[in-house]
Amino acid sequence: MDPLAIVRQNFDAFQARDFDAVLQGIDEDWRYVPGPWSSPGLSYHGHEGYRTMLQAGNWRDSDFEIDVETRRVGPYVLAVGTARMEDRDRVLNSRPTATLHLVHDGRIRVSQGFADVKEALAAAALTADEEFRLAFDAAPDAMALLDDQGKIVHANRVAAYLLGLPQRELPGLPIARFAAPELQANALELWERFKRDGQASGAGALLGADGTRRLVEFRASTSYVTGRHLVIGRLRDGRRRPRVTEEGVLTPRQRDVLTMLASGLNGPEAAARLYLSPATVRTHVQNAMNALGSKTRAQAVAEALIRGEIELHPPEQA
């Protein structure tokens, strides 16, 4: 079932006071961090934690109404709306509610509450930015994270080299600034088409700030997280690349593991999601590195992305 439908079903069951149905929809390892409006500073873990939450919030005996809308935000489902709960005087008091939910194998694995939608979106975007820095700064290919206006949020060292500017000077600059002159007139149209299509790949000329013109093979995805778009570039220098068969060189499980690493998870987290041991995940990563001719995990992820062996979809969609 689609993660959106799973979260929607969970909220509907809770509103119907069918707490047993809600319990069936959450993972045994479920983690929940409430927002500031309820039990701030507390967290709940697993099915027993869910029962404790019901008791702490007096949910079984109180009247309440929860009206939310759900949508995808990168690897999360965002539920935003209004919660009305009875106070001691039997009056329903309204407050905003905003929660992020992570779904895996048909069940909600993580839930976190926020004061409002702005705070929830900021947390999702910040997570993506930090994961990008940690995962790709040492990658051998150029990688840049862009905002909705096509401005650079973060670029790794190789991207800085190709664009001809120090890494610290790139944030805030429009990527279209570095398009070759013949592409400048259509840069905005191409950017809007990319956002509509969700994916783009091909080859194009970059004009660095130092005036150097370079032909770059690129692959781009809008699915990294809401408001953040990933572009990967590789200099076309005539070097021979490993042959890619129609089916690719990775096994399905290797693609699963690398997809999770690309989405910001570490090895133990990927192991937990796939119900594998960390040692098995390490073996899959090593075999993928060998198949792709990569020396590091980051290089393997970059190679798999630019070849099209994996896409930057959240693990729950893989």
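Nothing fancy with the numbering, it's 1 onward along the sequence. These values consider heavy atoms only, across backbone and side chains, with no hydrogens, waters or symmetry-generated copies.
- Between the side chain of Gln167 and the backbone N or O of Ala155 there is at least one donor-acceptor pair closer than 3.5 Å.
- Checked by atom type and distance alone, the side chain of Thr212 never pairs as donor or acceptor with a backbone atom of Gly208 at under 3.5 Å.
- Heavy-atom minimum distance, Ala120 versus Leu100: O-CD1, 3.7 Å.
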(message) Leu165 vs Arg177, test: side chain to side chain contact (heavy atoms under 4.5 Å, CB included). Steps then yes/no.
(response) CA-CA 12 Å; Leu165 283 175; Arg177 165 181 169 173; 4.2 Å; yes

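- Looking at every heavy atom in both residues, Phe14 comes nearest to Met53 through CE1-CE, 4.2 Å.
- Separation of atoms OG1 (Thr251) and CG (Asn287) is listed at 8.0 Å; rounding is to 0.5 Å.
- Residues Leu146 and Arg228 form no side-chain contact, since every pair of their non-hydrogen atoms from C-beta on lies 4.5 Å or further apart.
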(request) Report the C-alpha distance between Leu258 and Leu292 in whole Å, list the side-chain angles of each, state the deciding distance to 0.1 Å, and finish with yes or no for side chain to side chain contact (heavy atoms under 4.5 Å, CB included). (result) CA-CA 12 Å; Leu258 290 190; Leu292 294 167; 4.0 Å; yes

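- Minimum interatomic distance between Leu250 and Ala291 (heavy atoms only, all atoms of both residues): CD2-CB, 4.2 Å.
- No side-chain N or O of Gln24 forms a donor-acceptor pair with one of Asp20 less than 3.5 Å apart.
- When hydrophobic clusters are built by joining Ile, Leu, Val, Met, Phe, Trp and Tyr residues whose side-chain heavy atoms come closer than 4.5 Å, directly or via intermediates, Ile152 is not grouped with Leu183.
- Counting heavy atoms from C-beta on, the side chains of Gln15 and Phe64 come closer than 4.5 Å.
- For the atom pair CD of Glu69 and OG1 of Thr82, the computed distance is 9.5 Å after rounding to the nearest 0.5 Å.
- Heavy-atom neighbours of Tyr161 OH from other residues, nucleotides or ligands within 6.0 Å: at or below the threshold of 12.
- The side chain to side chain contact (heavy atoms under 4.5 Å, CB included) with Val285 is formed by just one residue from the set Val257, Asn290, Thr280; it is Val257.
- Arg273 has its side chain within reach of Arg109: a pair of non-hydrogen atoms, C-beta onward, lies under 4.5 Å apart.
- In this structure the side chain of Asp256 never reaches within 4.5 angstrom of the side chain of His284, judged on heavy atoms.
- In this structure, CD in Gln184 is found 11.0 Å from CG in Leu190, a value given to the nearest 0.5 Å.
- The shortest non-hydrogen separation linking Leu170 to Ala160 is CD1-CA, 3.7 Å.
- Side-chain atoms of Arg8 come within 3.5 Å of backbone atoms of Val68 as a donor-acceptor pair (strictly under, hydrogens ignored).
- Side-chain atoms of Asn156 come within 3.5 Å of backbone atoms of Met143 as a donor-acceptor pair (strictly under, hydrogens ignored).
- In this structure, OG1 in Thr70 is found 12.0 Å from CD in Gln9, a value given to the nearest 0.5 Å.
- With hydrophobic clusters built from ILVMFWY side chains whose heavy atoms lie under 4.5 angstrom apart, Leu54 shares a cluster with Phe11.
- Note that CZ of Arg84 is 6.0 Å distant from CG of Asp67, once rounded to the nearest 0.5 Å.
- The closest side-chain heavy-atom distance from Asn10 to His101 is not below 4.5 Å.
- There is no path of hydrophobic side-chain contacts, each under 4.5 Å, that joins Phe218 to Ile310.
- Tracing side-chain contacts under 4.5 Å through hydrophobic residues (I, L, V, M, F, W, Y), one reaches Ile6 starting from Leu23; they form part of the same cluster.
- Using a 4.5 Å heavy-atom threshold, the side chains of Asp63 and Met85 count as separate.
- Other residues, nucleotides and ligands contribute only 12 or fewer heavy atoms inside 6.0 Å of the CD atom of Glu28.
- Nearest heavy atoms, Ala209 versus Gly164: CB-O, 3.7 Å.
- Between Arg213 and Glu182, at least one side-chain nitrogen of the basic residue sits less than 4.0 Å from a carboxylate oxygen of the acidic one, meeting the salt-bridge criterion.
- With values rounded to the nearest 0.5 angstrom, Tyr32 atom OH is found 7.0 Å from Thr99 atom OG1.
- The side-chain tip of Arg214 does not point at the ring of Phe178 from less than 6.0 angstrom away and within 45° of straight on.
- Between Tyr50 and Phe19, the distance separating the two ring centers is not shorter than 6.0 angstrom.
- Closest approach of Pro34 to Ser43, counting heavy atoms only: CD-CA, 4.2 Å.
- In terms of modelled atom types and a separation under 3.5 Å, the side chain of Trp59 and the main chain of Arg17 share no donor-acceptor contact.
- No continuous path of hydrophobic side-chain contacts links Ile66 to Val33 [ILVMFWY only; heavy atoms under 4.5 Å].
- There is no side-chain donor-acceptor pair under 3.5 Å between Asp147 and His229.
- Of the charged side-chain nitrogens involved, none lies within less than 4.0 Å of a carboxylate oxygen, so that Arg196 and Glu192 do not count as a salt-bridged pair.
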